[in-house]
Amino acid sequence: MKQLRRSFPFFVAPALISYILVVIIPFMMGIIYSFTDWKGAYVAEWWVGLKNYRIALSGAEFLYSLKLTLLFTISNVILVNILAFTLALLVTRGFKASNLFRTTFFLPNVIGGLILGYIWKFVFDVIFDKMIYNLTFMEFFRYWLQDERKAFWALVIVATWQMAGYMMIIYIAAIQNIPEELLEAADVDGASFLSKLVHIIIPLVAQAFTITIFLTLSNSFKLLDPNISLTNGGPGRRTELLALHIFKTGQEYGRYGLAQAQAIIFFFMIAVVTLAQVYFSKGKEIES
Amino acid sequence: MKRIITTFLVIALIIISLTACEKKPDYDVYIWQSKGEMADALEELVDNYENETGKKVKVISNRASEDHMGPLRAEMNKRDMPTVYSIQGQRELEEWLGGGFVADLTDWSFADEVAFGKGGISRDGKLYGVPYNIEGYGFIYDEKMLTELGLTELDIKSLRDGSFEEFEEFVVSVDQWINGQDVSGKWAKINEAKKEGELENVDSVIGFPGKAAWVYGDHLVNIPFVYEFGTQDKALVAETIDFTYANQYKAILDLQINFSKEGFSNDLLQNDYDEQAKIKFGGGEVFFIQQGNWAYGEINDVNPDKAMRLSFIPLKVPTTAGDVTIPENHPDSMPVFAPNYWAVNGKVSSDLQEEAKAFIEWMYTSDIGKDFVVNKFNFIPAVKGFESSDLSSMYSLGLSVMDYVEREKALDGVFMAMPGGWSMNELGNVLQGSYITSGKQEDFEAAIDHSIQKWEELRK
Amino acid sequence: MNSKKKKTGILFVITAILALLFASPLYFIFVNSFKPELDPDLNDILRNTISLPSEWSLRYMKEGFKSVNFSQAFLVSLFITTVSVVLIILVSAMAAWALVRVKTKTSTMLFFFLISSMLIPFQSLMFPLVKFMSILGLDNLFGLIIMYIGFGVSLSTFLFHGFIKNIPIAIEEAGYLDGCNTIQLFVLIILPLLKPIIITAAVLNVIWIWNDFLLPFLILQDIKTIPLAIQSLSKTYSIRWDLYIPVVFLSIIPVLIFYFLAQKHIIKGITSGSNK
């Protein structure tokens, strides 16, 4: 492969250069900026030490957004995966319309996050709040986007709607990889569905769990577009997830240095969680 | 290895040459302004200027009606930055000053023509911007509605110049009339009024937009702080606030909510600015809305006849509330401020700066420019040299604002010097999330405490 | 036998109900895009929200289309997405091939370096990115495409890398013997072999870039992509549902068409991409 060795730089350069220009350099810049009082259009003070980090870690809003995002992520991971797994089980039953169902469940994922939020905004503000309420007069349907707690769950619903189909596909692939013979043998033994589930299906799908939990975890933690379109952090700032908070700290408040510090903290959290999760699941996989 | 190094060097050279190239911009003036509503008209005006002078003008207007600082900061990061841009008040001025983006306009002859607010926006005695226009806000009312209710011109004047308590008394009476109760006391004569004509659709006294936190966050909060600070300069340097007149603020806030159709409830949050201006006021459902002269556009869209009869009654607060007293209360005055100033970029070449100034001056002094300013931008001009002929087609609310300015009943718009995002996010939104729907005293106090604390944090 | 059939039947019904629930928001958007005359209280939308339009009118769709300059937004989105995706694939395939075939420590290091970006959240570099791109003069449409390449190479290189490993090197060696140089070899032999994974990568990238909001929001000034157009609509018309919904519907149509055409590949892409 001598020839390829010679043109190796040529082939790798475009990818490498664009990656360095677009990701690595700005990231390094971001780290530097986090130690300054950056105002966006200029730098007011080139070294403020750890001041931004201190403000970030003690700031009430940041901590609130952090807490909210953690709650949101946990809710999503649980709901999305239960729903996705259930859907996967249902869709692999062998119905005639299975393909149609699979298509429908996956559809929300193809629609962008921003538009998703707008669609559900209509559902919550008009269909729930005006139409259904006017028919049933059940308080339950009112103010999904104006009431702090309901708005949180509205966001969870939108995120779940978006992600469930994607995870379902992964589960389907894993389920379809289970050797038919195992299941048939279990049927012959007279096993109930529940025991088949617990003893055969779940263990063999374990590897898929690694992936889906990882994906739901990181996607939920970083969620932004639906947050913007559905509530834009409202009411007040009570549904401002971390990604949106960081964005607003810079864009609306003009405190870009602070936003950078927050973003670096954000990066560390994601990196730690991701690596830890991969490490532990790889361990589990090897065992099984 | 050698190949890799060579490739990287080549790329590096390309990048450096891209950055080092000193290209002269292909325009004489580059305007970046934040009023989306005037975008189209401004482009038309610019075409006129280009035809008349042969200069090339680039114009970008921020069409998303949200905070303009984000996109503007991005533009300032570019090599070809705007030469003329908008500044909204002292706080933004401070940010741009810190980076050297504002040119000193003190010696500019045109600046002497500015009739409002000491010539424009200034710091330490230096002038940095000239006002686009002036704006004012208060309680908008339809004169015909009040006359049909039985009020005379003197009555209206007394409400205008009178105290908070007198206005409150009137509001209570009207509320009674709406509910079919008998009105006694000073306003007993409105008992005779019938629910027809302009009063046909009335269902409440005041229209309150719970969803538009900026109305009670940014604008209403100006009133108590005008008395705490007096001018924008003081507001700018204040590291902490006492919110001395929180009770007064609550009084005028409560008045509006208590006498709105929804009252303190979740329903209140359904009303945004459009609903308030177009449906509640334009549709004749309420007597008063707290808004500014800009609302004329919305009201005119719905009911042009009504739009011609509009005027302002100032937002008032009680002199004494709780045990706090305002030394010098001005219940007869309304906040008038220049929301936007034209600033010239101090970082561009002096040639470009001169071109920028020439354009601005032309906009407010030439015949075409003046016509656009009054009729197409719908500005209330802050500049001398506008004769009554120029102003003949000024709209109702504009004339009302100018009236207050002429009578010297204008208060300063101190909210423009408050920390970025404070009034909207730390007060308006907080109230929106709790007090606006509950009406509970502890919610109000919590919001005030929160805002006081946040001011201090934001000023660190 | 009968109870099994019954069980299947019940499960079928459950699945069908879930599917209907899943699709219902889209139904509402569809149905309300065609409603005719709407008075200020939007009665037709509000009163008959779930029913089919009393008459099928394109009025608000046309108005909505014009109000956000949809045709321009569509072309902008189309241009950005197509060009970016083509370049991402080209660039990633090139890099992946070289990294697989040249087995040195450098190439392994570079490979891990490239795919490490999945750890870095966009938030931590979005503001400096804008600043840096301004310095380079790349804060425009052209630069936006370069940015998508920079962000997109990680996943795509990873996909190509895994696939190329399974191509027998004999094919390439034959090519060399026939007198091909590396570029010819790449274009004429390797790329065609990569077709399945190219489609997968293309599909995944299209979904991401077409729907992307934040990056164009920070970079583009006077032109808009479809997500930007919708977002600006929601600001200027504080919820004018009558325009809002048809525009939302219009925005989904290209996505839906794409989805139905490329469904198979999307699903393959997810399953292969998940084998990390």
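Below, read A as the first sequence line, B as the second, and so on, with proteins coming before strands; counting in each chain starts at 1. Not measured: the values here are computed from a predicted model.
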Side chains of [X] and [Y]: closer than 4.5 Å at any heavy-atom pair?
X	Y	value
A:R255	B:L458	yes
B:Q432	A:R238	no
A:E252	B:N425	yes

With a 4.5 angstrom heavy-atom cut-off, could you sort out which part of [X] is near chain A: side chain, backbone, both or neither?
X	value
B:Q270	side chain
B:E95	both
B:N77	side chain

Worksheet item: Any chance CD of B:E239 has more than 12 other-residue heavy atoms, nucleotides or ligands included, within less than 6.0 Å?
Response: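 It does not: B:E239 CD has 12 such atoms or fewer within range.
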Worksheet, complete the sentence: Correct closest heavy-atom pair for A:A41 and B:W96 would be CB-CZ3, 3.5 Å
Practice prompt. Identify the heavy atoms of A:G254 and B:R73 that sit nearest to each other, and give their distance.
Written response: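 Taking every non-hydrogen atom into account, CA-NH2, 3.2 Å.
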Discussion item. Per the side chain to side chain donor-acceptor pair (under 3.5 Å) rule, what does the pair list look like for residues 19-45 of chain A, sequence neighbours excluded?
Written reply: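 Sorted pair list: A:Y19-C:S116, A:S34-A:Y53.
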Discussion item. Distance check, rounded to the nearest 0.5 Å: A:L145 atom CG versus B:L269 atom CG?
Written reply: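 The CG atom of A:L145 sits 11.5 Å away from the CG atom of B:L269.
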